[in-house]
J.: 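Submitted below is the structure of interest, expressed as structure tokens.
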Amino acid sequence: MSTTTATTAVAPLTTTDAEVLVTAARRAAEAADVTVSVTVLDAGGHLLAFRRDDRAVLISGETSTRKAYTALQLNAPTADLVDAVQPGAPFHTLPTALDRPLLFIAGGLPVHRDGRLIGAIGVGGGAPEQDHEFATVAARSLA
């Protein structure tokens with residue numbers, strides 16, 4: 001006789017959640033007078049929401065998406081991973097080892113619900129520390 005452990009389902013990240021994240025990040029950036037792009041991915045890496053202000057530089061959209069993807073793949077804030085890709089560090093070759101390059105710059109955060117990974121947010125366009133703060137404010141908006 002085998003025993004199975006019941007698990008509780010965790011609600012996935014929805015488009016409504018994604019809109020809340022984007023709005024919170026955008027408002028935090030606007031309060032700091034910074035123009036950003038925001039990307040939200042679900043747990044499978046699929047795009048749920050994206051916003052790029054017309055005043056933002058075009059590369060900020062790619063930056064926000066890669067930050068979100070990196071945070072999702074490694075289930076860690078990108079700000080915590082910056083030192084891991086320096087020469088001789090554990091992830092030195094990882095940024096170029098995948099089909100979609102990872103981006104180890106602050107501004108990407110995994111999004112959790114009940115302790116489980118449900119997606120990620122990436123913010124690009126400000127200084128890395130600012131992008132990290134905007135993403136943090138957004139992630140807190142779901143709590």
Side-chain angles (χ1 to χ4, degrees), residues 3-87 89-143:
T3 313
T4 58
T5 304
T7 58
T8 304
V10 174
L13 193 64
T14 66
T15 54
T16 301
D17 294 332
E19 290 171 7
V20 168
L21 289 167
V22 168
T23 300
R26 179 184 53 82
R27 285 184 179 154
E30 286 176 353
D33 199 29
V34 176
T35 305
V36 297
S37 292
V38 182
T39 301
V40 178
L41 304 175
D42 68 11
H46 304 101
L47 182 65
L48 280 182
F50 174 79
R51 180 187 186 280
R52 184 184 66 79
D53 187 291
D54 289 340
R55 298 170 294 150
V57 294
L58 290 177
I59 193 67
S60 69
E62 176 65 19
T63 302
S64 67
T65 300
R66 288 177 55 195
K67 287 178 182 183
Y69 182 75
T70 302
L72 180 68
Q73 292 301 309
L74 298 176
N75 193 13
T78 55
D80 294 349
L81 301 168
V82 174
D83 291 336
V85 294
Q86 301 305 317
F91 297 151
H92 177 58
T93 59
L94 189 58
T96 56
L98 303 171
D99 289 337
R100 177 186 267 174
L102 302 179
L103 189 58
F104 293 86
I105 300 173
L109 285 179
V111 177
H112 297 93
R113 182 175 284 143
D114 297 329
R116 296 191 189 160
L117 181 65
I118 60 169
I121 181 170
V123 179
E129 298 77 19
Q130 290 175 308
D131 291 345
H132 179 75
E133 180 60 29
F134 304 148
T136 301
V137 167
R140 287 185 192 139
S141 71
L142 284 185

J.: Are the side chains of Leu109 and His132 in touch, meaning some heavy atoms are under 4.5 Å apart?
T.: yes
J.: About how many Å separate CG of Leu47 and CG of Leu41, when rounded to the nearest 0.5 Å?
T.: 6.5 Å
J.: Could you tell me the separation between the CD1 atom of Ile118 and the CG atom of Leu142, rounded to the nearest 0.5 Å?
T.: 6.5 Å
J.: List the residues meeting side chain to side chain donor-acceptor pair (under 3.5 Å) with Glu19, not counting sequence neighbours, and say none if there are none.
T.: none
J.: Please say whether more than 12 non-hydrogen atoms of neighbouring residues, nucleotides or ligands are located less than 6.0 Å from CG in Asn75.
T.: yes
J.: Compare every heavy atom of Gly126 with every heavy atom of Val34, then report the nearest pair and how far apart it is.
T.: CG1-CA, 3.7 Å
J.: To the nearest 0.5 Å, what is the distance between CD (Glu30) and CZ (Phe134)?
T.: 10.0 Å
J.: Hydrogens and angles aside, do Thr65 and Thr39 bring a side-chain donor and acceptor to less than 3.5 Å of each other?
T.: yes
J.: Any heavy-atom pair between the side chains of Asp17 and Val111 that's under 4.5 Å?
T.: no
J.: How long is the straight-line distance from CG of Leu81 back to NZ of Lys67, given to the nearest 0.5 Å?
T.: 12.5 Å
J.: Which pair of heavy atoms, one from Ala138 and one from Ala24, lies closest together, and at what distance?
T.: CA-CB, 3.7 Å
J.: Taking all heavy atoms of Pro110 and all of Pro77, pick out the closest pair and write down the distance.
T.: CD-N, 3.6 Å
J.: Is there a donor-acceptor contact under 3.5 Å from the side chain of Asp131 to the main chain of Pro128?
T.: no
J.: Heavy-atom distance under 4.5 Å between the side chains of Thr63 and Ile105, does that happen here?
T.: no
J.: Of all heavy-atom pairs between Leu13 and Gly119, which one has the smallest distance, and what is that distance?
T.: CD2-CA, 4.1 Å
J.: Roughly how far, to the nearest 0.5 Å, is the CG atom of Leu72 from the OG1 atom of Thr78?
T.: 12.0 Å
J.: How many angstroms lie between CG in Leu117 and CG in Asp42, if you round to the nearest 0.5 Å?
T.: 10.0 Å
J.: Would you indicate whether the side-chain heavy atoms of Ser64 and Val38 approach each other to under 4.5 Å?
T.: no
